[in-house]
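This report refers to the structure that appears directly beneath it.
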Amino acid sequence: MEELLERLLEGCRPAARQGRVADYIPELAKGDSEALGIYIMSSEGKRSWAGDCRKAFTIQSIVKPILLLQALLDNGAEYVMSRVGVEATGKPFDAINAGEQSLDSGNINPMVNMGAIVMCSLIHGRDYDERFQRLLELTQRMAGEEEIGVDEAVYQSEKSHGSKNRALAYLLKSHGLLEDDVEAVLDCYFRACSIRVDCRALAHIGAVLSNRGRLPVSNERIFPAAMAQYVNAILMTCGMYDGSGEFALRVGVPAKSGVGGGIMAVVPTRMGIGIFGPALDRKGNSVAGIQLLEQLSKELHLSIF
C-alpha cells in the first residue's frame, strides 16, 4: 500500500500549482502550497501513509461533522434537523443562504458556515467554554490523540478577521435562528476551526465514521450507528461545498474539506483517509488532494456508487 500511495502522491503533487493557499485568514496564508500528504487507517486499524502526512495544520471546516455529531448526541436527530436542514445549498460555504422571503433552517445545512454556527449553539454546557471543551474532547477521542489542542495564532487570526462570519451570525440572530450571544457563539466556532490536526488524526476520525461509530482496533462504540449514517449521508451531499456533486462523480465517498488544506474521507466499512494539500481551488477544496483521492478511488475501487 505504501508503494501505491507514494506513486500516486508524486503523480498528483504538480496539481498543487493550479491552486493557492487561503489568504482571507492571514495565518493560513503562511501555508506551504506544495505540501501534500496522505494517511489511511482501515476499520481494523491497519495504517499506511506517504508524503507530508504528519505536518500539522488547522482542522477548519472538517470540524463541522464533529460539531454535527456533538449536536446529535446532545439533542437527538429530530431536534437538530428542525434547527439545521440537510439539503445542499449549491452555494459557497460562506454564502448568505436565504430564500426569496425569509431565512429559515431549510436554507442551511451543517456543512456550511451558517449551519455550523447554529450547531455551536446546540452543544450543551453551562457556558461556551464548557461547550467547546466537550467538542474538543470528542475530537480528541475520534482522532485518537489526547494532545490535540487549539492553534492560538490561527484562532486569533480567525477572530480578528471574521467579519463575514459575524455578518452571517447576526443575520441568523435577526431571523430567530440563533438565541445566544453572537460573540460567545462565534468564539466557540473560531476556536473549533483552529483545532490543530494532521493527516493521521483525520484518517482516525474517518475510520470511526467508517466503522459506524466504533473506534478502530478496540471497536469501542462512542456514538450510535444511526448518527454515523446521518453524518456520512450529509458528507456525501454537502461535504465538499458547492463541488460536492462533481466530487461524488470523481471520487464517490463521503468527505469533508477545510480551507487549511485538509480532506477527511470516509469509505464505509473499509477505511478513513486523511489528506493534506493547502493549495485550494476556487471552491475551497484541496486541488492535489482531490486528484489524489480520485486516483486512489480508481485504484482501490472505493466509490460507493
**Study point:** Step-by-step salt bridge (charged side-chain N to carboxylate O under 4.0 Å, His left out) determination, Arg134 to Glu130
**Key:** CA-CA 6 Å; Arg134 294 185 64 237; Glu130 182 177 314; 5.5 Å; no
Check your understanding: Which value, rounded to the nearest 0.5 Å, describes the distance between Ile117 atom CD1 and Asp180 atom CG?
Key -> 13.0 Å
**Study point:** Donor-acceptor pair between Asn113 and Lys64 side chains, under 3.5 angstrom
**Key:** yes
Practice item. Ignoring hydrogens and angles, state whether a donor on the side chain of Gln291 or Gln18 is under 3.5 Å from an acceptor on the partner side chain. Key: no
**Study point:** Rounded distance [0.5 Å steps], CD in Glu10 versus CG in Leu292
**Key:** 10.5 Å
Review point. What about Leu235 and Val197, same hydrophobic cluster or not, with Ile/Leu/Val/Met/Phe/Trp/Tyr joined at side-chain heavy-atom distances under 4.5 Å?
Key: yes
Review point. Side-chain donor-acceptor pair under 3.5 Å between Gln133 and Asp129, yes or no?
Key: no
**Study point:** Donor-acceptor contact below 3.5 Å, side chain His175 vs main chain Leu171
**Key:** yes
Check your understanding: Is the backbone N or O of Thr269 less than 3.5 Å from a side-chain atom of Ser210, with the two atoms forming a donor-acceptor pair by type?
Key -> yes
Practice item. State, without any angle test, whether Asp151 and Ser194 hold a side-chain donor-acceptor pair at a distance under 3.5 Å. Key: no
Review point. Shortest non-hydrogen contact from Ala201 to Ile148?
Key: CB-CD1, 4.2 Å
Review point. Side-chain donor-acceptor pair under 3.5 Å between Ser244 and Thr237, yes or no?
Key: no
Point to revise | Connected via hydrophobic side-chain network under 4.5 Å: Phe276 and Leu5 | key: no
Practice item. State whether a side-chain donor-acceptor pair under 3.5 Å links Ser61 with Tyr241. Key: yes
Review point. Between Arg83 and Tyr79, does any side-chain donor sit less than 3.5 Å from a side-chain acceptor?
Key: yes
Check your understanding: Which distance, rounded to the nearest 0.5 Å, do you find between the NE2 of His161 and the CG of Leu28?
Key -> 11.0 Å
**Study point:** Distance (rounded to the nearest 0.5 Å) between Asp74 CG and Leu135 CG
**Key:** 10.0 Å
Revision key, fill the gap. Closest non-hydrogen contact found for Tyr128 with Arg191 is O-NH2, 3.8 Å
